[in-house]
Number of protein chains: 2
Amino acid sequence: MFSKRCEYAIKIMTFIAHQQKKSNKKVDVDAISKAIDSPKAFTAKILQDLVKSDLLVSTRGRFGGFSLSAQIDINLKQIIEAIDGHKLLEGCLLGFGACSEKNPCVVHHQLKSAREILKLKLRDTNLEIIAKRVNEKNAYFKE
Amino acid sequence: MFSKRCEYAIKIMTFIAHQQKKSNKKVDVDAISKAIDSPKAFTAKILQDLVKSDLLVSTRGRFGGFSLSAQIDINLKQIIEAIDGHKLLEGCLLGFGACSEKNPCVVHHQLKSAREILKLKLRDTNLEIIAKRVNEKNAYFKE
DNA sequence: TTAAAATAAGACAAAATTGTCCTGATATAA
DNA sequence: TTATATCAGGACAATTTTGTCTTATTTTAA
């Protein structure tokens, strides 16, 4: 469903949110990739994308690192769209360019509601909720 | 959401269902790839997978081709699982091997219901429904 | 029996995604 | 000012997915 980049992005944001809730300090690439068990250089690339999409703020130089741009009020939909664009949630499921409500592909109307609900759930799930789960040890972002 | 192979598989099954409703004749790779606008050799590979999963029956030799194994009572979930396996509908969204109800990743419970609904919708949509849409010109499988 | 038309399957090629490495730029503390 | 620790970004490499080509096998009609 999600690309690998998306998976990492969600883990990255979860970790940063979790850390900030505890200490409010910036987090660096090395700490992130260790915490979420992801390849460091690849993680750095994804972090750049998240900065470009304004979900994170980066600080260069010594004692620099990454922090949430809007503290805890960032949701999964924003993260996914920052990384994979609108393909997953808006694009035609069969890849047609001109597929729409009025000119639908064979699965468009059949799967419309399911997608809507997915979209709602993604929008309703923000980092606050996720960090809370982690904090209460009800869920993990690293196996 | 779906892989390219899955997209083609849905189009393939739709076309064959549509054809069989009209004439009940076998359909060959050449006709299929032209009808759904897909690369022929790649289409042939996907057809092989659909045969191996018993969604299609193939007949070799002259006047051979492909036909539905269970006529029209095949649904989207079966098609997707025949091609991409259980990854999309059952696998962990963050890629964890041990993710489960009792040992959930951070998004597991948040997206559970959305996935359930997607699964239901896929199971509820069979080729009968899809072929009907095509027949009544309310939807297309080729742009 | 032979030619033609079809699927089966393995090897190969191209493209996209994932992942790595190196160098440059920037900020801070000593 | 200099050494160090950090992000930025481009070029490269590996892997996976997508797509192609060629040959073998099967079936049927002539």
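This structure is a prediction, so every number in the text was calculated from the model and none was measured. Just so we're on the same page: letters track the sequence lines, and every chain starts at 1. Computation of the quantities below employed the complete heavy-atom set of this structure, encompassing side-chain atoms and omitting hydrogens, waters and symmetry-equivalent molecules.
- The closest side-chain donor-acceptor pair between B:Ser38 and B:Ser33, if any, does not fall under 3.5 angstrom.
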Start with the C-alpha distance between A:Lys132 and A:Glu136, add both sets of side-chain angles, then the distance that settles salt bridge (Lys or Arg N to Asp or Glu O under 4.0 Å), and finish with yes or no.
CA-CA 6 Å; A:Lys132 191 157 177 277; A:Glu136 294 171 355; 3.6 Å; yes
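- Per the geometry, NZ belonging to B:Lys25 stands 16 Å off P belonging to C:dA5, to the nearest Å.
- The side-chain tip of A:Lys4 points at the ring of A:Tyr8 from less than 6.0 angstrom away and within 45° of straight on.
- The cationic group of B:Lys11 lies under 6.0 Å from the six-membered ring centre of A:Phe96 and within 45° of the ring axis, placing it in a cation-pi geometry.
- As rounded to whole Å, 16 Å separates atom P of C:dA5 from atom NZ of B:Lys26.
- The side chain of B:Gln48 contributes no N or O atom lying less than 4.0 Å from OP1 or OP2 of C:dT7.
- Put simply, CG on B:Leu47 is 12 Å from C1' on C:dA6, counting in whole angstrom units.
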For every nucleotide of nucleotides 19-30 of chain C, 5' to 3': is a protein heavy atom under 4.0 Å from its base (B), only from its sugar-phosphate (S), or from neither (-)?
BBB--BSBBBS-
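- If you take CD1 of A:Ile46 and P of D:dG9, they are 15 Å apart, rounded to a whole angstrom.
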Test salt bridge (Lys or Arg N to Asp or Glu O under 4.0 Å) applied to A:Arg5 and A:Asp84, step by step:
CA-CA 8 Å; A:Arg5 288 166 59 81; A:Asp84 282 355; 5.3 Å; no
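- As rounded to whole Å, 14 Å separates atom P of D:dG19 from atom CG of B:Asp49.
- Summarising the geometry, the separation between CZ on B:Phe2 and P on D:dT17 is reported as 17 Å, rounded to the nearest angstrom.
- Once rounded to the nearest 0.5 Å, the distance linking CD of A:Gln19 with CD1 of A:Ile16 reads 9.0 Å.
- Going from atom OG of A:Ser113 over to atom NZ of B:Lys121 covers 3.5 Å, rounded to the nearest 0.5 Å.
- At whole-Å resolution of the value, CD1 in B:Ile12 and P in D:dT18 are 13 Å apart.
- One finds the NZ atom of B:Lys25 at 10.5 Å from the CZ atom of B:Phe63 (value rounded to the nearest 0.5 Å).
- By the criterion of side-chain heavy atoms lying less than 4.5 angstrom apart, applied directly or through intervening Ile, Leu, Val, Met, Phe, Trp or Tyr residues, B:Leu68 is grouped together with B:Val51 in one hydrophobic cluster.
- Distance CD1 (B:Ile36) to C1' (D:dT18): 14 Å, rounded to an integer number of Å.
- In the helix from C:dT1-D:dA30 to C:dA30-D:dT1, the terminal helix axes, each the rotation mapping four pairs' C1' atoms onto the next four within five end pairs, subtend 10°, rounded to 10°.
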